[in-house]
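For reference, the structure discussed in these notes is given below.
Residue numbers start from 1 in every chain, and the chains themselves are labelled A, B, ... in the order their sequence lines are given, proteins ahead of strands.
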Number of protein chains: 2
Amino acid sequence: MKKELKIIGKPTPKLDARIKVSGEAVYGNDITLPNMLHGAILRTKYPVAKIESIDVSKAAQLPGVVCIITADDVDTNNISYLNDHPVLKKGEVNCIRDEIAAVAAETREIAQKALTLIDVKYKVKEGIFDPFEALKEDAPIINKFAPANNDKNIAHPFHYEHGNLQEQKDRSACIVKKRYNLPRVTHCCMGTCAVTADYSKMENRLTLYSQTQMPFLYQRDMAYTLKMEPSRIRIIQPIIGGGFGSKLDMYPYEPICALLAMKAGQPVQIAYDREEEFLASPTRQTMVIDISSGADKNGKFTFREVKIIMDNGAYTSWGATTPFVMMQTFSSLYQLPACLFEAYAVYTNNPYAGSFRGYGNPQATFAVERSIDLLAEELGMDKAEIRLLNANFKGEITGQRLEFISCGHRDALEMVIDKSGFDGKHCSTGVSQATQQNMKNSRSDTLVACGMSLKYESSSDKSVASTIFQRNSERYKRGIGLASMVHVGGGAKIYPSDGCGTTVKLDNFGYLTIITGSSEIGQGSETVLGMIASEELGIDMKNIRVINTDTDVKPWDVGVHASRTSFVAGNSLLGAVKKLKNKLSSKAVQLLETDIEDLEYENGLIKSRKTGESIKTDKVVREIHFREPNELCEESYYYEPDSKFQDKGFKGNVSGTYAFAAQAIEVEVDTYTGNVRVLDVHVAQDVGKVLNPLGLEGQIEGGVVTGMGYALTEELIIEKGMVLNPSFHDYKLPTAGDVPDIHFYPIETNDPKGPYGAKGVGEAPLIPTAPAIANAVSDAIGIKIDDLPITPEKVLKALKERIV
Amino acid sequence: MKKELKIIGKPTPKLDARIKVSGEAVYGNDITLPNMLHGAILRTKYPVAKIESIDVSKAAQLPGVVCIITADDVDTNNISYLNDHPVLKKGEVNCIRDEIAAVAAETREIAQKALTLIDVKYKVKEGIFDPFEALKEDAPIINKFAPANNDKNIAHPFHYEHGNLQEQKDRSACIVKKRYNLPRVTHCCMGTCAVTADYSKMENRLTLYSQTQMPFLYQRDMAYTLKMEPSRIRIIQPIIGGGFGSKLDMYPYEPICALLAMKAGQPVQIAYDREEEFLASPTRQTMVIDISSGADKNGKFTFREVKIIMDNGAYTSWGATTPFVMMQTFSSLYQLPACLFEAYAVYTNNPYAGSFRGYGNPQATFAVERSIDLLAEELGMDKAEIRLLNANFKGEITGQRLEFISCGHRDALEMVIDKSGFDGKHCSTGVSQATQQNMKNSRSDTLVACGMSLKYESSSDKSVASTIFQRNSERYKRGIGLASMVHVGGGAKIYPSDGCGTTVKLDNFGYLTIITGSSEIGQGSETVLGMIASEELGIDMKNIRVINTDTDVKPWDVGVHASRTSFVAGNSLLGAVKKLKNKLSSKAVQLLETDIEDLEYENGLIKSRKTGESIKTDKVVREIHFREPNELCEESYYYEPDSKFQDKGFKGNVSGTYAFAAQAIEVEVDTYTGNVRVLDVHVAQDVGKVLNPLGLEGQIEGGVVTGMGYALTEELIIEKGMVLNPSFHDYKLPTAGDVPDIHFYPIETNDPKGPYGAKGVGEAPLIPTAPAIANAVSDAIGIKIDDLPITPEKVLKALKERIV
């Protein structure tokens, strides 16, 4: 950058940190409106059944019940991008989530009680819970609203290819063919799903206090579902207790809440409890990945051939479209001459998957990075070397035509290889050198070298290390694994615009309001926007406010997806700020009798470097407002990234830029219990440029821990369509005690398009974690890890089978 | 206008009409926030006293009481523009409204109960309740915070003059000298005062749900009072149940509510009941006007010499500044060679006055127009003729340097003289011709001629007329009176900016959002803004929404005062719409392959007059958003009227334009009871251009009825500082049954600066009503009316004295 940055790159607490930790923050579940009722949803008792009758008469008589709706009472379009999902189900149910009636009552307790009084007669039917079964010739049609042009029970097929597959196969010295099973995990947002609907009959106007992360597309979807005009729906976004992609789609409870409010003539709130959250909120897409991958005798990758069967569940949500992202990894993570990719989202009677941070990429990267370890082992190559040999590079245009205008892939790999001591630790033969290693080369020595990684360092660490050292080295086996990833880092062109609008208002007292189309879902984007404005305008962060929660007020934005917010909203803000500065500077040069190029914005002042004179910025605002030209200091800008729609073959430069990361993770496997303990996580990520180190660390740490849960402990267990573990007792989310040392090394590639050179960072950090852990476990105990999560049970079973 | 208007000038229901009549509207008193407490204020028991002690201990122990504050608990600056008004009073009280403690409790009832448990020891003192007493040499200082540079007990002195007074006196053929007493009336808003405060300690941020009609100045005043930064205060304006100027200032209950919320750590609402509303909400400025006015032998006015003593009450609010407006009337209503004007707001121990629709002009116009009748009588001139002779004219620059770029004064006078049949009815000798007049020339015949005046026409009208005809003509005396007025019609430059900002957003579905700085306080400005946008953009009113209630969101505007909103906000909107149309048209000419001057916006379409082709406007928006130039259809504009600050002598063109009106009112006096019945009201008003006939009629009717109440029935009676009639039983507001036929004749002078030629209309219609009625009563029964209200008691007394 041409000048020294004053706040960008400096650790800055989140703008909403204080209200969140103090309990002042108003989350969706906290919304209270005058005369508000509470809604509750009756879901089917059986995953697959014919509904013979629904009798709500008893429930309706319960004092405090205001209204009850079933499919017969409403006139709605189906939801989902495939239009295959009725809001309220009629005649039949196909999934344990199915909504068949809803109640609005004066209290939550009355509403719940009323549900128990609704009498439903079911005729239970056999279901299909395995997508391979659903693909069979004689399988019945599961979703009668499925797209007519697709094959039976296939919701969404994908086909992608580049290069000459056969030629690349022919020249491969080694081909590895594997099947990987990726489990169903869920977002576990601390704030459960909640929506509050307020309908004005007189104005035919619906206000929804919704947790959506895509307010403008949600508005459109809601309108379609309710058969309203989109502009008659106002979306207000309360503070979100976790998004992670789960709020990308609209789900039946949301139009149901609106329908209850319309019928009741009073506002209605529906808020899930934790059990309902596990049962009815979306999951990561579960899938079976068959992958063949090859390398030539030098270790250069030749091809990947991939076929994926995804369990779509009974209806379609965004999970079905994860192949859009996965094909980027299969086609373009490491240089690759040829790729054939097919994926099928297949209906079953299971709950349906939604979008989840990483959007298919954790699954794809798992398959690619596990296969790379296997290729290296087959070729007898070093696992670091094979990756460095094939790493992506700046200026690369991949087979899919992704354009890597900046690329820290190799740097990230080299960083974690170096910092983790990978070369001295890993073992391609399946017997880890790490366990042999002198423990005096202790973690804390490594830690000192890494300024940003000291957060989890504590005095207890060294004693833990000593204890481990004294353990029976026969019992505890250490291993280290490596993985990397590519992900969109500047949005993704999936809608006619991937842009964002911003308005900046500088008031007569020097206080800046940023009205941004973008949404804050905990990722810290508000804070980054505030920092950008502070940097450019020299206004203290405490005098900057971000408004971003009301579709009536804020300019359009496509929503929070594809790690785009800092990149797209940041560039949009920079555009608006530039216009504002032009206006301020024009007046300031008059007042300071100086030249525009001599102006500097700092500490609430506009200064002339030439004359040394300065003037308070708010004074300049008032001069503009109260004298010629009599204008407000308000400016707007819309930023559209130059990304392109992909063609029918899914080729094209879909993102403004791309992020890269590598992780090296060291684990210790307890061969007696099968338990895997993550020791050190080394994360190097091409973030373009560090904007807010604090926020970035939070993203990295959160991502890694999410990846660890995916790797080791988490699975939403569904059997015959029933959710077996809908609670935090049985669904094993990592907790604070499980969090290892996370050493983070940002790679600054100064992206030419990103704000200050930054690129998207949100999704990346969880993506390589599971394959790196799997590779480390494999390294430690020499077993093949093809499935997640790597539970103690699976480890013990594998160890036992190897011994046998 | 160059083209035919499609919606401007057509009767259009208010945008908020449906929610208001259906009860959906959320007024300030309806606001409910999570954990909200209810506040109540303890006011002094005696108007003037020393406070010896305040013991809140018993009150604090009442279950449900959360906090109590007295002056000792808070650190505030004084309020009022003279900084003479402590929020909570300490040591002494000077007025029956004085706030000495406040409670926040879980319910309104508990808060009220707690007030009764606060033990205050008073030492009662003598007060001064007459401003003339307060001016005496030996009077004690009433307000110890009064401006130091003013004479004792004078809060605000005014001095204005133009012309050579002595010369004009010398050439006067006739001089009339009178003293007029103008009473204390109050706004009687149907929605009582209410404010809700929500304070975030973590963000040091205060949100006020306030009824203010000046949100940005209120924000600044509140900040000063609470010693906060203005930008940390957000004002949200719920729907207002009546403003009429009463919400121009900030009053102690508002910072008190904020202080309670800050101390309690919970939101607090304070809402007055009707009695508290009468006691503690502002009034119209009461005053004694001494006026000498002269005319030459031809009836040309020569001078006015005016001295006004205003009862300022114990503290100062905007009522003290009404001389700013009054001097316009004294100096510039009718052509006038010389004027000397002095006014003094004098402290007393009475409740203080605020601003009220008309802002002193009803008082001033009463004095001027009553005096004109007297001059005419003295000169033996026709009362219509003398007015027409002296009427203001287009192009006139008055002694005060007001510039009448358009002027319908004479037209308005001629219209009401003609339509009322004034010439045949009135009698300069004090014996009305009207009572002699043939009743067959009935009201309903007159009515048919006036298209816009038929609302109150009903079948019962004619039978009423017949009944009246049959009454004893000895008992019932009829008279007719004439009065006119001038008032600012394009805002008033009383603050460094009198401007308004507007942002227009046209969304992808063709729905327009207008974000305006201006506020809706029932005057229908939202609707007029919607109509302007609809007219210009060809978008149906139902697809237009106005956002105008949030200082965080809306652009700056000085507030609702000086009949400025349609003029200033309308021009601001036109500026923003013009920019929006430029953007739309640039794209439309490409899509329609036509020229920009051929485009027409109509019915949601942009049409080419040349080719006959058209395209949907929302399609054009999407083309702009989703293709080059990839922009949103959002534009902003700030309009600053070219009005000027007045100089130290109060001279200068303070408003963008000026409105004129004349009324002729016929009354019938029951000489047995003294009751005055208003029969017909003929209103001609220079509105520049009719924008919304429905809204305009509402303004006219409301204004006239307010003027009638001022003339005949309303008075807030204060004796020794105590309010004697704080209820609608005892305070006689006109009700529906009192409303006469109101015949309205808009005068369209097509102001060159106004939107479509329009000028401000809001305050004008009440201004000439009281003098016209007084003149009519005088005409009917030959008594002099020098005081308002003209109660039956006063009429009977005057009749009796005349007989005696």
Side-chain angles (χ1 to χ4, degrees), chain A residues 15-22 24-26 30-36 200-205 216 220 223 229-232 495-497 499 501 503 505 507-513 515 517 542-543 545 547 550 552-553 555-556 622 625-627 629-632 634-636 638-640, chain B residues 15-22 24-26 30-36 200-205 216 220 223 229-232 495-497 499 501 503 505 507-513 515 517 542-543 545 547 550 552-553 555-556 622 625-627 629-632 634-636 638-640:
Chain A
L15 289 178
D16 59 5
R18 287 169 64 87
I19 61 164
K20 280 183 172 169
V21 297
S22 67
E24 266 190 7
V26 174
D30 299 326
I31 298 285
T32 309
L33 299 180
N35 300 317
M36 189 179 79
S200 162
K201 190 176 170 187
M202 287 300 117
E203 296 192 310
N204 182 25
R205 189 142 162 70
F216 289 95
R220 187 202 55 175
E229 291 169 50
S231 307
R232 307 208 79 85
Y495 191 76
S497 169
T503 296
K505 289 180 25 169
D507 76 12
N508 290 333
F509 314 103
Y511 199 100
L512 185 78
T513 301
I515 306 181
K542 74 174 168 46
N543 294 332
R545 154 170 68 234
I547 291 184
D550 184 346
D552 265 15
V553 165
W556 196 91
R622 292 194 299 273
H625 183 189
F626 296 146
R627 297 179 202 272
N630 290 115
E631 287 180 5
L632 298 180
E634 287 190 28
E635 295 292 343
S636 297
Y638 189 76
Y639 172 75
E640 181 71 48
Chain B
L15 289 178
D16 57 7
R18 287 168 63 87
I19 62 165
K20 281 185 171 168
V21 296
S22 67
E24 267 189 6
V26 175
D30 299 325
I31 298 285
T32 309
L33 300 180
N35 301 318
M36 188 178 81
S200 162
K201 191 177 171 185
M202 288 299 119
E203 295 191 312
N204 182 26
R205 190 143 161 68
F216 289 95
R220 188 202 55 174
E229 290 169 49
S231 307
R232 306 208 80 83
Y495 192 77
S497 169
T503 297
K505 291 181 23 171
D507 77 10
N508 290 333
F509 313 104
Y511 198 101
L512 184 78
T513 301
I515 305 181
K542 73 176 168 44
N543 295 330
R545 156 169 67 232
I547 291 184
D550 185 346
D552 265 15
V553 165
W556 196 90
R622 293 194 299 273
H625 183 190
F626 296 145
R627 297 180 201 272
N630 291 115
E631 289 180 5
L632 298 181
E634 286 190 29
E635 294 293 343
S636 297
Y638 189 75
Y639 173 75
E640 181 72 47

>> Quick check on the interface: out of A:R232, A:M36, A:E631, who has the most heavy-atom pairs with chain B under 4.5 Å?
In response: A:R232

>> Please identify, among A:P230, A:G510, A:S22, the residue contributing the most non-hydrogen atom pairs under 4.5 Å to chain B.
In response: A:P230

In Å, rounded to the nearest 0.5 Å, how long is the span from [atom1] of [X] to [atom2] of [Y]?
X: A:E229; Y: B:N543; atom1: CD; atom2: CG; answer: 5.5 Å
X: B:W556; Y: A:E634; atom1: CH2; atom2: CD; answer: 12.0 Å
X: B:K505; Y: A:D552; atom1: NZ; atom2: CG; answer: 6.5 Å
X: B:E640; Y: A:R627; atom1: CD; atom2: CZ; answer: 12.0 Å

>> Are B:S200 and A:I19 packed together at the side-chain level, in the sense that at least one heavy-atom pair is separated by less than 4.5 angstrom?
In response: yes

Toward chain B, the part of [X] with a non-hydrogen atom under 4.5 Å:
X: A:T513; answer: side chain
X: A:R622; answer: neither
X: A:L632; answer: both
X: A:N630; answer: both
X: A:R205; answer: side chain
X: A:D30; answer: backbone
X: A:Y639; answer: neither
X: A:E635; answer: neither

>> What part of B:F216 gets within 4.5 angstrom of chain A, counting heavy atoms only: side chain, backbone, both, or neither?
In response: neither

>> Looking at B:M202, is its backbone amide N or carbonyl O close enough to the side chain of A:E24 to form a donor-acceptor pair, meaning the two atoms are under 3.5 Å apart?
In response: yes

